[in-house]
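Notes for the one structure printed next.
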Amino acid sequence: MIRGGRPLRGSVSISGAKNSAIALIPAAILAESEVVLDNLPILSDVAVYSEILEELGARVLWDGNQMRIDPTHIRSIPMPNGPVKKLRASYYMMGALLGRFKEATIGLPGGCNFEPRPIDQHIKGFEALGATVTNEHGAIHLHAKELRGAKVYLDVSSVGATINIMLAATRAKGATIIENAAKEPEIIDVATLLNSMGAVIKGAGTETIRIEGVTELKGCRHSIIPDRIQAGTYMIAAAATRGDVLIDGVIPKHLEALTAKLLEMGAHVEELDESIRVIGQPEYQHVDVKALVYPGFPTDIQSPMTSLLTQAKGVSVLSDFVYSNRFKHVPELVRMGAKIRVEGRSAIIEGGPLNAAKVKAADLRAGAALVVAGLTVPEGTTEVFGVELIDRGYDHLVPNLRALGADVWREMEE
Ligand code: EPU
């Protein structure tokens, strides 16, 4: 429930990155002793992952922002159903279990279904390493006598495929080279953890990653990078409400594409060492935005950005070149009075005021877009349904917004 129209003011601390955490937790399976993850975000996706690991026999101690994972007694039991179905990133269990046990059965992943999200590049990588991959009644079964290093050229720079191949390749014989690898900061974070565990990975963050297989990995302690998508959402909310917010505990370089767009629109943005201050302005210029792979504008921020662009003068065009149809937030924004039409991969947005309405989050980032939109509406109460999807990726969103002065609260659906 949002009674908007109040500028957000103050500071907000950003938690660790969801898309790192849900790759680092399965990566811990590859170790023979305890892995400690610090700066863990408190999210429902993290809770589901800890459930998956416990089901496999790991000891998981989750205390606030720290998780201790002892995978000593873990086994590769088949997981065709159950918690793996709740999460898209359960596909990382394939690479991690294949690497450690040369065998895995994992139900096809769930998660945000904004459009078909194939995993053919993951499978191509596992096969190149010598695994046989079959689809048995909706569960992927992988096994290999031994994993051998190989050269894998990804047809698309997929974040998931890059990490998954890296996980399996750490325990393969010889060298694996991933070409056209994704370059997202979360990939560097996973490589950093694996290297601390004793893996030999070079080039993470570039388009060529080289992994020398090792026979054993050990436990270690690792602090997760800040969540650039949560940070970006607060930056957008600060601009949209004409507020003044210090977003703290971030790596400003990870947010350069968004910072550049906010400046182009006319917002004031100050980059400090580990924080970014956004000062909103009464008027914004229209801009065109193209969501691309990193270091381009992140697809995960394009939905909240759509809401901000309703506040700009004139017509903005926002295109997503990562996903062809990630626009489930648009019909809901239209219910709030937005003038937006979708043409192919683009949303064409004509600036204008929004009104309060009852709207429904179709996926995680669509939900964030509706919250940002609601915060701009000065009269009435915007009711966002389906907020459990927002819990998948935003740590303490409501308390954080309240601390910034927003009139936001949560009600249970009857
Ligand atoms: N793709 C393929 N084949 C594959 C894999 C991907 O064709 O085997 C295509 C996808 O259809 C898409 C593009 O490649 O068009 C990029 O997909 P990618 O594999 O990079 O996405 P992902 O790994 O499934 C992660 C994040 C997403 C984020 C994307 C892009 C996780 C668990 N998810 O997904 O995060 O949008 O990278 O940056 O890390 C979110 O946080 O809301 C979210 C959806």
Side-chain angles (χ1 to χ4, degrees), residues 15-27 41 43-46 48-49 52 84 86-96 108-128 133 140 152-167 178 180-190 207 224-225 227-233 254 257-258 291-305 319-329 345 361-369 389-395:
S15 76
K18 163 185 131 330
N19 287 345
S20 271
I22 56 182
L24 296 168
I25 297 170
L43 304 171
S44 57
D45 271 12
V46 168
V48 174
Y49 237 125
I52 294 175
V84 290
K86 293 189 206 160
L87 196 69
R88 173 141 189 93
S90 51
Y91 52 43
Y92 291 134
M93 298 303 296
M94 298 178 194
L108 274 172
C112 283
N113 283 321
F114 38 78
E115 67 166 54
R117 296 171 72 189
I119 56 165
D120 56 302
Q121 298 303 303
H122 306 228
I123 290 169
K124 175 169 117 172
F126 298 141
E127 287 177 338
V133 185
I140 302 288
V152 185
Y153 185 92
L154 295 180
D155 301 350
V156 282
S157 307
S158 153
V159 173
T162 303
I163 293 178
N164 233 342
I165 298 166
M166 225 161 60
L167 292 174
I178 309 174
N180 197 28
K183 298 187 283 244
E184 272 67 3
E186 292 74 21
I187 289 161
I188 304 179
D189 207 24
V190 176
E207 60 202 27
I224 301 175
I225 58 166
D227 194 308
R228 61 197 168 96
I229 309 302
Q230 292 188 59
T233 306
H254 291 172
L258 172 62
L292 292 162
V293 295
Y294 190 81
F297 191 95
T299 170
D300 295 339
I301 313 186
Q302 66 90 340
S303 321
M305 189 67 181
S319 312
D320 193 326
F321 292 104
V322 179
Y323 294 107
S324 56
N325 190 19
R326 196 180 192 176
F327 291 116
K328 287 195 171 166
H329 52 294
R345 305 192 85 112
D363 59 63
L364 159 61
R365 308 300 172 190
L389 288 167
I390 303 179
D391 295 334
R392 298 189 47 205
Y394 289 87
D395 185 331

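In each ligand, atom 1 is the first atom listed, and ligand 1 is the first ligand listed.
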Problem - Subset of ligand 1 atoms that lie under 4.0 Å from at least one heavy atom of Arg88 - result: 24 (O)
Problem - Leu364 side chain reached by Tyr394 side chain, heavy atoms, under 4.5 Å - result: yes
Exercise for the section: Inspect the contact between Glu186 and Arg228 and indicate whether a charged nitrogen and a carboxylate oxygen are less than 4.0 angstrom apart. Expected result: yes
Practice task
Taking all non-hydrogen atoms of both residues into account, name the closest pair between Lys328 and Ala362 and its distance.
Solution key: CB-CB, 3.6 Å
Practice task
Report yes if some N/O of Gln121 lies less than 3.5 Å from some N/O of ligand 1; otherwise report no.
Solution key: yes
Exercise for the section: Report yes or no: does Gln230 contribute a side-chain atom to a donor-acceptor pair with the main-chain N or O of Asp395 at less than 3.5 Å? Expected result: yes
Handout entry: For ligand 1, the portion of Gln230 having any non-hydrogen atom under 4.0 Å away
Key = neither
Exercise for the section: Pick one of side chain, backbone, both or neither for how Asp120 approaches ligand 1, counting any non-hydrogen atom pair under 4.0 Å. Expected result: both
Problem - For the student: nearest non-hydrogen atoms of Gly95 and Asn164, plus distance - result: N-OD1, 3.0 Å
Problem - Arg326/Asp300 ion pair, N-O < 4.0 Å - result: yes
Problem - Close-contact set for ligand 1 against Leu364 heavy atoms, below 4.0 Å - result: 42 (O)
Exercise for the section: Number the atoms of ligand 1 from 1 as they appear, then name those within less than 4.0 Å of a heavy atom of Lys18, with their elements. Expected result: 40 (C), 41 (O)
Exercise for the section: Look at atom 25 (C) of ligand 1 and find which of Val156, Ile187, Val159, Ile229 reaches it with the closest heavy atom. Expected result: Val159
Fill in the blank from the handout: One finds that the ligand 1 atoms under 4.0 Å from a non-hydrogen atom of Ile22 are 32 (C)
Problem - Atoms of ligand 1 close to His122 [distance to a heavy atom under 4.0 angstrom, numbered from 1] - result: 8 (O)
Problem - Any Phe297 side-chain heavy atom under 4.5 Å of Leu258 side chain - result: yes
Practice task
Select the closest option to atom 19 (O) of ligand 1 among Ser158, Ala366, Pro298, judged by heavy-atom distance.
Solution key: Ser158
Exercise for the section: Would you please determine whether Ala161 falls within less than 4.0 Å of ligand 1 on a heavy-atom basis? Expected result: no
Practice task
May I ask you to check if ligand 1 and Ala89 share an N or O to N or O distance below 3.5 Å?
Solution key: no
Exercise for the section: Indicate, as side chain, backbone, both or neither, the part of Arg365 found under 4.0 angstrom from ligand 1 when only non-hydrogen atoms are considered. Expected result: side chain
Exercise for the section: Measure across Ala369 and Ser303 and return the closest heavy-atom pair with its distance rounded to 0.1 Å. Expected result: CB-O, 3.3 Å
Exercise for the section: Would you check whether Glu186 reaches within less than 4.0 Å of ligand 1, judged by its heavy atoms? Expected result: no
Practice task
Would you kindly specify which portion of Val322 sits under 4.0 Å from ligand 1, judged on non-hydrogen atoms: side chain, backbone, both or neither?
Solution key: both
Handout entry: Sub-4.0 Å heavy-atom approach of Tyr91 to ligand 1
Key = yes
Handout entry: Any Gln302 heavy atom less than 4.0 Å from ligand 1
Key = no
Exercise for the section: Report yes if the side chains of Asp320 and Arg345 come closer than 4.5 Å at any heavy-atom pair, otherwise no. Expected result: no
Completion exercise
Between Ile229 and Pro298 the two heavy atoms that sit nearest each other are CD1-CB, 4.0 Å
Handout entry: Contact atoms of ligand 1, heavy-atom distance to Arg326 under 4.0 Å
Key = 36 (O), 40 (C), 42 (O), 43 (C), 44 (C)
Completion exercise
Leu154 and Asn180 have their tightest heavy-atom pair at O-ND2, 2.8 Å
Handout entry: Salt-bridge contact Asp155-Lys124 (side-chain N to carboxylate O under 4.0 Å)
Key = yes
Fill in the blank from the handout: Closest to atom 23 (O) of ligand 1 by heavy-atom distance, out of Gly296, Gly160, Ala21, is Gly160
Practice task
State the atoms of ligand 1, each with its element, that fall below the 4.0 Å cut-off from a heavy-atom position in Ile119.
Solution key: 4 (C), 8 (O)
